[in-house]
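Accompanying notes for the structure given below.
Nothing fancy with the numbering, it's 1 onward along the sequence. We count ligands from 1, going down the list as the structure has it; atoms in each ligand are counted the same way. Values below: every heavy atom of this structure, side chains too, minus hydrogens, waters and symmetry copies.
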Amino acid sequence: MAESTPLITEVAALEASFQRIRAASRAEPAVSIAIRRDRLARLEAMVRENQGVFCTAIAADFGQRSHHESQLLEIFPSLEGIRHARRHVARWSRPQRRPVSLWFQPGRAEVRPQPVGCIGIVTPWNYPLYLAIGPLTAAFAAGNRALVKMSELTPATARLLADLASRYFAADEVAIVGGDVGLAESFSALPFDHLLFTGSTAVGRHVMRAAAANLTPVTLELGGKSPAIIAPGYPVDKAAARILAGKCLNAGQTCIAPDYVFLPEDSVDDFIAAARRVVTRSYPALERNPDYTAVIDARHFARLRGYLEDARARGGRLVPLAGEENEAARSRRLPPTLVLGATDAMRVMQEEIFGPVLPILTYRDLDEALAYINEHDRPLALYLFDRDRRRVRGVLERTLAGGVTVNDTILHIAQDDLPFGGIGASGMGHYHGHEGFLTFSKLKPVFYQSRINGIGLFSPPYGARFEKLLKVLLR
Ligand code: NAD
């Protein structure tokens, strides 16, 4: 079985596949809507017809990943995104007429979106299917072909995706790459026509450096610390329920999980009580709970434990919301844990948490919270719980984040018509929906000169008539 997998794990096979896919893209500069829709239809069929085995493979990679969560957070958004692209690809691909200024009339101007060719997609481990299929959807809608590099931490999903992709697609349409970090480096050094990387900010820097050597444009979907703010007067129990729900999905291993919470000074006890209620209701008996996901591996488990120990050593109070420590270590199911009295001296406030640990910060005046957020790296997501519309508008205007959900968490990512992407340390560029199509298209401007035109008036020899014209042009 191992030898027969089409998963690429060697540099030579990677380079051969890249050459094949790139050559096929060069041989097909115009890609009809029918072909784009067909590729999207096959992508949809591949995900829909194999959802059970995908969930099983992802669970094998995690040790424990809720099948329901995989269906909700990997299969459903993948299918929704593909269907949205299938519905809109004809309109997105249509050349757009643009106005022409008086001087160049009656010429015509238009923008023609064209496939750029061969796309590289690098995928992290936390949502291995959705974060491969989402970018692939945009790449196919825009008429491209692609190579997808899967994380070394999700070998079962990578192998399955490679096997299935080879059944639903030709080898010169898409290829799936596995292997170690060395192969990942070789991957990002290939002269793709566009590279979309999803992963950590630290690795994003390496990827951008590698792409610079080829002048390959990059879209970087990175991570960071995404705050949740509860405004004065907002019901703390409602906010706590939504924040903990967002935090506990995939055991906090979500790029847009609320990383920490800002709440009014006098609401801490209410928040703890509400957080405990929601966690024990959602996950009674955490240890063997099939709905609660494990931390991906021992290294990440030790990293998260390290944050807790460091926070305790620096004066923080830890409030585990469910579960037992011993069992946690055996099954890598870390109980959702609040860190009270969190400060910037703690590692948990310096690094992206990416696990079920939730530091609590308090403010006296909402401005303090906004000042704190603005002093730090621009977050990938920001969550605001507030019913005062004017204040909501004020917070939106005064902060910059990759995306925002007001009065809930996570949901902006699920809107097919909203662009998705970070800013600053949390990323650059966008995909999803129309923006994904644009990211992987060259927007080629074309001017059509008309048979009758006044361009001759602007040619030498420059004389008195030209000077009169200039007076009008430069008025
Ligand atoms: P990571 O950066 O360690 O790895 C991501 C991918 O990059 C993997 O496929 C890996 O093999 C590859 N890679 C590693 N070293 C490389 C190199 N030198 N050159 C090229 N590729 C290399 O990230 P991870 O641990 O897999 O994922 C977690 C991170 O991803 C978190 O920071 C999280 O916030 C972020 N993330 C962001 C989004 C988003 O949409 N913005 C989504 C999910 C995860």
Side-chain angles (χ1 to χ4, degrees), residues 7-9 11 14 61-62 73-74 77 81 120-135 138 147-155 157-158 161 176-190 192 195-214 216 218-226 249-259 295-297 299-301 303-304 351-355 377-381 401-403 410 412-414 418-432 435-436 439:
L7 184 70
I8 294 169
T9 54
V11 175
L14 172 64
D61 284 331
F62 273 80
L73 304 176
E74 307 253 20
I121 296 167
V122 183
T123 303
W125 53 262
N126 63 326
Y127 290 99
L129 183 65
Y130 178 47
L131 295 173
I133 300 298
L147 284 89
V148 182
K149 157 73 185 69
M150 302 294 286
S151 165
E152 58 283 4
L153 296 190
T154 52
T157 312
L161 186 59
I176 309 297
V177 182
D180 57 10
V181 172
L183 198 65
E185 284 171 5
S186 307
F187 187 91
S188 56
L190 291 169
F192 287 108
L195 188 57
L196 184 144
F197 168 81
T198 305
S200 61
T201 302
V203 175
R205 287 181 214 278
H206 291 296
V207 168
M208 190 163 171
R209 209 173 294 127
N214 302 310
T216 291
V218 288
T219 300
L220 300 179
E221 301 289 342
L222 310 177
K225 297 186 78 64
S226 299
L249 287 175
N250 208 27
Q253 301 165 108
T254 303
C255 57
I256 53 165
D259 187 277
V295 172
I296 184 82
D297 66 4
R299 187 173 64 86
H300 281 283
F301 192 79
R303 177 180 64 81
L304 292 165
E351 295 166 26
E352 177 182 5
I353 297 173
F354 222 57
D377 281 343
R378 285 168 173 167
L380 181 58
I410 310 288
H412 61 281
I413 197 176
L418 289 183
F420 183 79
I423 173 150
S426 60
M428 66 177 69
H430 297 98
Y431 75 121
H432 285 198
E435 278 76 8
T439 288

Using only atom types and a distance under 3.5 Å, with no angle test, would you say the side chain of [X] pairs donor to acceptor with the backbone of [Y]?
X	Y	result
T439	Y431	no
E352	G223	no
D259	F354	no
R303	I353	yes
D377	K225	no

Inset, instruction - With the side chain counted from C-beta on, respond yes when L147 and L14 share a heavy-atom pair under 4.5 Å apart, and no when they do not. - result: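 With C-beta onward as the side chain, the pair touches.
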Inset, instruction - Check whether any side-chain heavy atom of I256 lies under 4.5 Å from a side-chain heavy atom of H412, and answer yes or no. - result: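 Sidechains of H412 and I256: in contact.
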Which residue and atom name correspond to the protein heavy atom nearest [atom], and how close is it?
atom	answer
atom 18 (N) of ligand 1	E185 CG, 3.3 Å
atom 35 (C) of ligand 1	G199 O, 3.2 Å
atom 21 (N) of ligand 1	A184 CB, 3.4 Å
atom 27 (O) of ligand 1	P124 CB, 3.3 Å
atom 11 (O) of ligand 1	E152 OE1, 2.5 Å

Inset, instruction - Of the side chain and backbone of S188, name the one, both, or neither that has a heavy atom under 4.0 Å from an atom of ligand 1. - result: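 Only the side chain of S188 comes within reach of ligand 1.
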Considering all heavy atoms of both residues, which atom of [X] and which atom of [Y] are nearest to each other, and what is their separation?
X	Y	result
A401	I423	C-CG2, 3.8 Å
F420	H432	CB-ND1, 3.4 Å
I296	D61	CD1-O, 3.7 Å
L183	G179	CD2-CA, 4.1 Å
T254	N250	OG1-CB, 3.9 Å

Between [options], which one has a non-hydrogen atom sitting closest to [atom]?
atom	options	result
atom 5 (C) of ligand 1	T198, V203, V181	T198
atom 41 (N) of ligand 1	L222, T201, I413	L222
atom 44 (C) of ligand 1	V207, N126, V177	N126
atom 42 (C) of ligand 1	A381, C255, A211	C255

Check ligand 1 against [X] and write out every atom of the ligand that is under 4.0 Å from a heavy-atom position of the residue.
X	answer
L131	42 (C), 43 (C)
T123	6 (C), 8 (C), 9 (O)
E352	31 (C), 32 (O), 33 (C), 34 (O)
W125	24 (P), 25 (O), 26 (O), 27 (O)
F354	28 (C), 31 (C), 33 (C), 34 (O)
G223	32 (O), 34 (O)
V122	6 (C), 7 (O), 9 (O), 12 (C)
K149	9 (O), 11 (O)

Purely on distance, is any nitrogen or oxygen of [X] under 3.5 Å from one on ligand 1?
X	answer
S426	no
S200	yes
Y431	no

Inset, instruction - Given side chain to side chain contact (heavy atoms under 4.5 Å, CB included), test H430 with T219 step by step and report yes or no. - result: CA-CA 7 Å; H430 297 98; T219 300; over 6 Å; no
Is the shortest distance from a heavy atom of [X] to ligand 1 less than 4.0 Å?
X	value
F197	yes
F420	yes
M150	yes

Inset, instruction - Specify whether H300 and W125 have parallel, tilted or perpendicular ring planes, treating 30° as the upper limit for parallel and 60° as the lower limit for perpendicular. - result: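 Geometry flag for W125 against H300: tilted rings.
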